[in-house]
Each structure stands twice: as C-alpha cells, then as structure tokens.
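All remarks here apply to the structure that follows.
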Amino acid sequence: MATQALRRGEEFWRAALNRHSASGLTLRAFADREGISVNTLAYWKYTRQRRLRSTPLSLVPVRVVEDVPAPPRGIVIELAGGRVLVPADFDAEHLARVLDVLRRSC
C-alpha cells in the first residue's frame with residue numbers, strides 16, 4: 001500500500017527538494033521539520049539525480065571572439081588637501097595646468 005506521501009506525486013517532491021536545497025539542513029533534519037518521510041525524500045532525491053545524469057548532453061555552437069583588453073586604469077594623485085583622479089586617456093596639457101594650479105595652492 002502506497003503511503004500518502006508517495007501519492008502526492010513528483011511535483012510535491014520536486015518542490016520539497018528545492019526547499020531542502022535552500023534550507024541548508026540535512027535530509028533528516030529537513031524531513032523532520034516538514035513532517036515527511038526521510039526515506040521517501042531520499043528516494044526522490046536519488047530519482048532526480050539519476051534523471052539528471054541520464055539526460056543526454058548536447059553540444060551548442062560557440063563563437064570565439066578576440067580577447068578584449070581591459071581598459072587602462074587611470075592615475076590617482078593624492079595630496080594633503082585632496083585627491084585628483086586622472087583617467088587613462090588624459091590630456092597631458094590639461095593635467096599640467098591642473099598640477100600647476102595645485103602646486104601654487106600647496
């Protein structure tokens with residue numbers, strides 16, 4: 001004679017296994033908390049794992065693209081009164097003027 005838990009069906013056990021995965025509990029602790037059979041829960045876990053392993057793998061096409069280099073990092077200039085962030089693609093003349101102003105004020 002099938003127990004009531006077995007008659008609940010695959011949908012119930014799939015949801016229970018998902019909750020178990022999220023709970024961080026052992027199978028026994030989770031089953032006790034939920035009031036379900038640990039043996040039945042283990043059976044459904046085994047069944048799900050067996051199905052996942054028997055699902056044929058399929059290959060999908062991939063396209064290799066050129067490596068894109070990381071953007072160059074900027075420069076950080078720290079002074080007693082603050083910080084200047086200089087992007088990697090800075091304008092040298094503009095930076096020279098900024099530094100000149102900073103030198104005069106320090």
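Residues: numbered from 1 along the sequence shown.
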Quiz item: What class does the angle between the rings of His20 and Phe30 fall in, given that below 30° is parallel, 30 to 60° is tilted and above 60° is perpendicular?
Solution: perpendicular

Report the distance from atom [atom1] of [X] to atom [atom2] of [Y], rounding to the nearest 0.5 Å.
{"X": "Tyr43", "Y": "Trp13", "atom1": "OH", "atom2": "CH2", "answer": "11.5 Å"}
{"X": "Thr40", "Y": "Phe12", "atom1": "OG1", "atom2": "CZ", "answer": "9.5 Å"}
{"X": "Gln49", "Y": "Leu17", "atom1": "CD", "atom2": "CG", "answer": "8.5 Å"}
{"X": "Arg28", "Y": "Asn39", "atom1": "CZ", "atom2": "CG", "answer": "7.0 Å"}
{"X": "Leu27", "Y": "Ile36", "atom1": "CG", "atom2": "CD1", "answer": "9.0 Å"}

Practice problem: Please report the closest heavy-atom contact between Ala31 and Ser37, naming both atoms and the distance. | Solution: CB-C, 4.2 Å

Quiz item: Between Ala29 and Leu25, which heavy-atom pair has the shortest distance, and what is it?
Solution: CB-CB, 4.1 Å

Self-check item: Side chains of Val98 and Phe90 in contact at under 4.5 Å (non-hydrogen atoms)
Solution: no

Quiz item: With a 4.5 Å heavy-atom cut-off, do Lys45 and Leu41 have their side chains touching?
Solution: no

Practice problem: Verify the neighbour count for atom CZ of Arg33: are there more than 12 heavy atoms of other residues, nucleotides or ligands below 6.0 Å? | Solution: yes

